[in-house]
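Have a look at the structure below before the remarks.
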There are 2 protein chains.
Amino acid sequence: MARLPLYLRALTALAERGVATVSSDELAETAGVNSAKLRKDLSYLGSYGTRGVGYEVEFLQHQISREIGLTQDWPVLIVGIGNLGHALSNYGGFASRGFRIAALVDADPQRTGEEVAGLKVRHSDDLDDVVKEFNIAIAVIATPAHAAQAVCDRLVDLGITSILNFAPAVVQVPEGVDLRKVDLSTELQILAYHEQRKNGAALALTAEQAVELAKAVGG
Amino acid sequence: MARLPLYLRALTALAERGVATVSSDELAETAGVNSAKLRKDLSYLGSYGTRGVGYEVEFLQHQISREIGLTQDWPVLIVGIGNLGHALSNYGGFASRGFRIAALVDADPQRTGEEVAGLKVRHSDDLDDVVKEFNIAIAVIATPAHAAQAVCDRLVDLGITSILNFAPAVVQVPEGVDLRKVDLSTELQILAYHEQRKNGAALALTAEQAVELAKAVGG
DNA sequence: GGGCACTTGTGAAGCCATGCACAAAGTTGC
DNA sequence: GCAACTTTGTGCATGGCTTCACAAGTGCCC
């Protein structure tokens, strides 16, 4: 389930505040979901709650971590060390959650050898070696859009089956490969869409619609 | 609909290749969705296709842009100019899609005045002025997790109703405010979850489950 | 030890998105 | 101008997700 990380985050926040047990209602509100949905999600993992009391925060935290697979170490490869790749490399949120940036790769020879976040950037010609050397299972694409598909194809060829794409491009993968995308401008576009709606429909009238409207009112 | 930006991107790619018209089947494959779904989505905007021919790429592109609201200029504010804020400020994908990074704000006095991506970083004490001055409607939170809620509250107080949150924290907003979140580690966690599943269920057996299994087979 | 208050886990209903399948509409070739 | 082919737009059925509502289970208080 895609909501488990959300619950995990809410639980972590509660644990930091020293909360020992939490009811589904409270946890649901913290995570911003419906409490019945939360209970159903959790019951799918097993019966980890106590009726009349709630859920033990630390225990549940551990159960979800195990379910997601965070109890093991995941070496992550980042391809494309531009602005975004830099930011991702230095982003502290990964390490604390079971992910370790293990290797960086870029196609620009000028970047090769440069040190970023304590790691030497390798050239993308060495992709094959890097993947084997660090036993990479998860790769992040932070290249320009035009390079994304080619990079992705190479990663798939090297046997990587989990890819996170930040490049603003539609990337195709074969069956059996998990591709997720994080698309910065898409998110902004969705916000803009709603924002436009809020600002009244009048502004959004097209010329055609205006003509229609004028006809309709007999203007 | 959340898929419109996806279609728009696919159309842009086609336009760059010089394609003039496209069938729902082709466009659906490019965008990675079902063709019936695509047609239904588009028909919701109006009848912009021609039976027997398909959709005119540039025309449809324009219609979707208008629907999303990309025909107008959206000044965007970024709060928090750390690694991620830097990357977002320099990210070229925004400008080309109707969004303009208009202002940068950080809580660190040392960063105030620094120039990033051609803009002077302002101090967060001036948030009020900045929002008014640049007529901000959309804000991006790229602060550390612990600051996210406070920043968000201030933005909401200033009348901003569209917020994109990159901070790894659950942030609450009142009714009427649109909050979207881009969560890097959540995405990785979802990948890790599937990756773990692929690597065989045996590895994922808990001690308890192993005992159950042993009992079940009479061991 | 019994009743009460609280909370989980889940059956069941409702809702929304998806996708099939086809009629309507348009185009091309002759 | 007609027939065959292509493609859109959409009614309808299906399936999954969400939510309600409640029985079953647990702890607390007296």
Side-chain angles (χ1 to χ4, degrees), chain A residues 1-8 10-11 14 19-64 67 170 175 178 180 186 190 193-194 197 208-209 212, chain B residues 1-8 10-11 14 19-64 67 170 175 180 186 190 193-194 197 206 208-209 212:
Chain A
M1 276 292 174
R3 281 186 300 269
L4 289 182
L6 189 65
Y7 302 155
L8 188 55
L11 285 168
L14 289 170
V19 179
T21 62
V22 66
S23 71
S24 62
D25 269 339
E26 289 173 274
L27 184 55
E29 190 175 339
T30 309
V33 301
N34 180 288
S35 70
K37 186 175 4 179
L38 179 124
R39 285 200 299 276
K40 198 154 271 183
D41 285 346
L42 294 184
S43 75
Y44 176 75
L45 309 184
S47 279
Y48 293 140
T50 311
R51 299 179 187 219
V53 179
Y55 299 90
E56 201 186 326
V57 172
E58 279 196 29
F59 180 67
L60 188 56
Q61 213 178 341
H62 183 257
Q63 293 304 322
I64 293 179
E67 180 74 16
V170 180
E175 192 85 6
D178 280 311
R180 295 191 65 84
T186 294
I190 294 170
Y193 174 80
H194 288 119
R197 297 266 144 153
E208 299 94 299
Q209 287 170 328
E212 290 291 319
Chain B
M1 277 292 175
R3 280 186 299 269
L4 289 182
L6 188 67
Y7 302 154
L8 188 55
L11 285 168
L14 290 170
V19 179
T21 61
V22 66
S23 72
S24 62
D25 268 339
E26 290 173 273
L27 184 55
E29 191 175 339
T30 310
V33 301
N34 179 287
S35 70
K37 190 179 356 185
L38 179 123
R39 285 199 299 276
K40 199 157 273 186
D41 285 346
L42 294 184
S43 75
Y44 176 74
L45 308 186
S47 280
Y48 293 140
T50 309
R51 300 180 186 214
V53 178
Y55 300 88
E56 200 187 327
V57 172
E58 279 197 30
F59 180 67
L60 188 56
Q61 211 177 345
H62 183 258
Q63 294 304 323
I64 293 180
E67 181 72 15
V170 180
E175 190 86 6
R180 296 190 66 85
T186 294
I190 294 171
Y193 173 80
H194 292 301
R197 297 268 145 149
T206 63
E208 299 94 296
Q209 288 171 328
E212 290 289 320

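Below, chain A is the first sequence line, B the second, and so on; all start at residue 1.
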key: Residue B:H194 excluded, over 12 heavy atoms near NE2 under 6.0 Å   = yes
ask   = For residues 51-64 of chain A, which residue pairs qualify under salt bridge (Lys or Arg N to Asp or Glu O under 4.0 Å), counting only residues two or more places apart or in two chains?
value = none
B:Q61 atom CD: more than 12 heavy-atom contacts under 6.0 Å = yes
ask   = Between which nucleotides of DNA chain C, 5' to 3', does chain B make heavy-atom contacts below 4.0 Å?
value = C:dT18 to C:dT27
request  = Only counting residues at least two apart or in another chain, list the ones meeting salt bridge (charged side-chain N to carboxylate O under 4.0 Å, His left out) with A:R3.
outcome  = A:D41
Donor-acceptor pairs under 3.5 Å, side chain of residues 31-38 of chain B to any protein atom, not counting sequence neighbours: which ones?
from  : atom 1 : to    : atom 2 : distance (Å)
B:N34 : OD1    : B:A36 : N      : 2.6
B:N34 : OD1    : B:K37 : N      : 3.3
B:S35 : OG     : B:D25 : OD1    : 3.1

Could you list, one pair per line, each protein nitrogen or oxygen that sits under 3.5 Å from a nitrogen or oxygen of nucleotides 9-11 of chain D, together with the distance?
from   : atom 1 : to    : atom 2 : distance (Å)
D:dG9  : OP1    : B:G49 : N      : 3.2
D:dG9  : OP2    : B:Y55 : OH     : 2.5
D:dG9  : O4'    : B:R51 : NH2    : 3.0
D:dG9  : N7     : B:R39 : NE     : 2.7
D:dG9  : O6     : B:R39 : NH2    : 3.1
D:dG11 : O6     : B:K40 : NZ     : 3.0

query = Roughly, in whole Å, what's the span from CZ in A:R3 to C1' in D:dC17?
reply = 8 Å
ask   = What integer distance in Å separates A:N34:CG from D:dT18:C1'?
value = 7 Å
ask   = Which residues pass the salt bridge (charged side-chain N to carboxylate O under 4.0 Å, His left out) test with B:R180, sequence neighbours left out?
value = A:E187
request  = May I ask you to test the A:I64-A:L42 pair for a side-chain heavy-atom distance under 4.5 Å?
outcome  = yes
ask   = Would you say A:Y44 and A:K40 make side-chain contact, with heavy atoms under 4.5 Å?
value = no
